[in-house]
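A short worksheet on the structure shown next.
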Amino acid sequence: MNPISSYLSSSIGRKWIVALTGLGLFGFVVGHMIGNLQVFIGPEPLNRYGHFLQGLGELLWVVRLGLLAMLVAHVVFTIKLRLENRAARGTPYAVTTRRAATLPARMMALSGLMVLCFIVFHLLHFTAQKIDPSFLALHDDKGRHDVYRMMILGFQSKAASGFYVVAVGLLAMHLNHGIGSLFQTLGLNSAKVRPLWEKGGVAFSWLIFLGYASIPVAVLTGVLK
Ligand code: HEM
């Protein structure tokens, strides 16, 4: 076996892949949220930003494929690690381990799965615009796709907005635990630094939740029109 394959099949190698792909996806989540929050400035910056992204052409596809590859690797290697841990323990989930685990830790698989379902819905909703095909015809006075009006119309549905808020809540929970796992994989687990990343992880996760959830909530409450 060559050194790369042997590293990838080791438990530590797999942990590093889960951690690094998680970090890459986290970077996207932060960047995407900042881009979306431009909705609070107005239609012009948001539509300009959407137009800029679409104008990237082939580069956009490189980024999309990169994100997809990270997502697939993150999920596949997480499943492999879980199966290995379970086999090493000999019995499926000992009751004592379950009790000791925090709620986000136990929710990791469920929240990850729900986030995946959300991403599929979200891509059909805002990227492919299959849920409401009338979004395809939305253009602003400069002829660009009217991302601003698409968001306002999309979040006027209480069901869609509710789903987004629940999904970003689960995403925040997933990130909170994921940040902890990342620092453990990096070996930054001493009594001195642990409280720092624990508090930082909670603060970051709340920021992600509030940043994303603020958009549907602002539309439903009439703050964004
Ligand atoms: C309130 C929350 C969100 C809003 C308003 C929002 C808005 C949007 C919009 C408008 C697009 C389409 C951009 C365009 O084609 O012009 C988009 C694409 C996308 N969003 Fe979101 N998003 C939200 C949350 C999320 C979350 C939480 C994730 C990931 C966990 C996510 C992942 C993506 C991805 C992967 C794309 C496709 C990017 C591409 O390939 O073009 N979004 N989002």
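Values in this document were obtained by computation on a predicted structure and should not be read as measured data. When a ligand or atom number is given, it counts from 1 through the structure's own listing order.
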*Where's the contact between Leu171 and ligand 1, heavy-atom distance under 4.0 Å: side chain, backbone, both or neither?*
side chain
*Answer with yes or no whether Met150 contacts ligand 1, where contact means a heavy atom under 4.0 Å from a ligand atom.*
yes
*Any chance you could measure Leu207, atom CG, to Met33, atom CE, to the nearest 0.5 Å?*
6.0 Å
_Please list the nearest protein heavy atom to atom 11 (C) of ligand 1 with its residue and the distance rounded to 0.1 Å._
Phe126 CB, 3.8 Å
*Indicate if Val120 and Val165 have the same hydrophobic cluster label, given that clusters are the connected sets of ILVMFWY residues with side-chain heavy-atom separations under 4.5 angstrom.*
yes
*Indicate the atoms forming the closest heavy-atom contact of His139 with Gly143, along with that distance.*
CD2-O, 3.6 Å
*Val62 and Leu71: same hydrophobic cluster, using ILVMFWY side-chain contacts below 4.5 Å?*
no
*Examine His122 against ligand 1 and note whether any of their N/O atoms are separated by less than 3.5 Å.*
yes
*Would you mind checking which non-hydrogen protein atom is closest to atom 16 (O) of ligand 1, with the distance to 0.1 Å?*
Gln54 NE2, 3.6 Å
*His174 side chain to Ala109 main-chain N or O, any donor-acceptor pair under 3.5 Å?*
no
*Taking atom 38 (C) of ligand 1 as the reference point, the nearest protein heavy atom with its distance*: Thr127 OG1, 4.5 Å
_Using a 4.0 Å cutoff against the non-hydrogen atoms of Phe155, which atoms of ligand 1 qualify?_
1 (C), 5 (C)
*Which protein heavy atom lies closest to atom 37 (C) of ligand 1, and at what distance to 0.1 Å?*
Leu123 CD2, 3.4 Å
*Could you walk me through whether Arg144 and Asn47 pass the side-chain hydrogen bond (donor to acceptor under 3.5 Å, both in side chains) test, one step at a time?*
CA-CA 7 Å; Arg144 301 171 299 198; Asn47 291 351; over 6 Å; no
*Does atom 13 (C) of ligand 1 have any protein heavy atom closer than 4.0 Å?*
no
_Considering only N, O or S atoms of His32, the one closest to atom 21 (Fe) of ligand 1_ = NE2
*For atom 41 (O) of ligand 1, which protein heavy atom lies nearest, and how many Å away is it?*
Arg64 NH2, 2.9 Å
_Check: Gln129 side chain, Phe126 main-chain N or O, donor-acceptor pair, under 3.5 Å_ = yes
*Minimum heavy-atom separation for Pro195 to Ser190, with atom names?*
CD-O, 4.4 Å
_Regarding His32 and Tyr212, do their side chains bring together a donor and an acceptor under 3.5 Å, going by distance alone?_
no
_Distance under 4.0 Å to a non-hydrogen atom of Pro216: what atoms of ligand 1 satisfy this?_
1 (C)
*Between Val147 and ligand 1, which residue portion shows a heavy-atom distance shorter than 4.0 Å: side chain, backbone, both, or neither?*
side chain
_Min N/O separation Asn36 to ligand 1 under 3.5 Å_ = yes
*asked:* Just to check, does Leu53 reach to within less than 4.0 Å of ligand 1 when the distance is taken from its heavy atoms?
replied: no
*Considering only heavy atoms of Phe28, which atoms of ligand 1 have at least one such atom less than 4.0 Å away?*
32 (C), 33 (C), 34 (C), 35 (C)
*To the nearest 0.1 Å, how far is atom 28 (C) of ligand 1 from its closest protein heavy atom, and which atom is that?*
Phe118 CE2, 4.0 Å
*Shared ILVMFWY cluster between Val168 and Leu210, side chains joined below 4.5 angstrom?*
yes
*Give the residue, atom name and distance (to 0.1 Å) of the protein heavy atom nearest atom 1 (C) of ligand 1.*
Tyr212 O, 3.2 Å
_Minimum-distance pair of heavy atoms, taken over all atoms of Asp132 and Ser134_ = OD1-OG, 2.7 Å
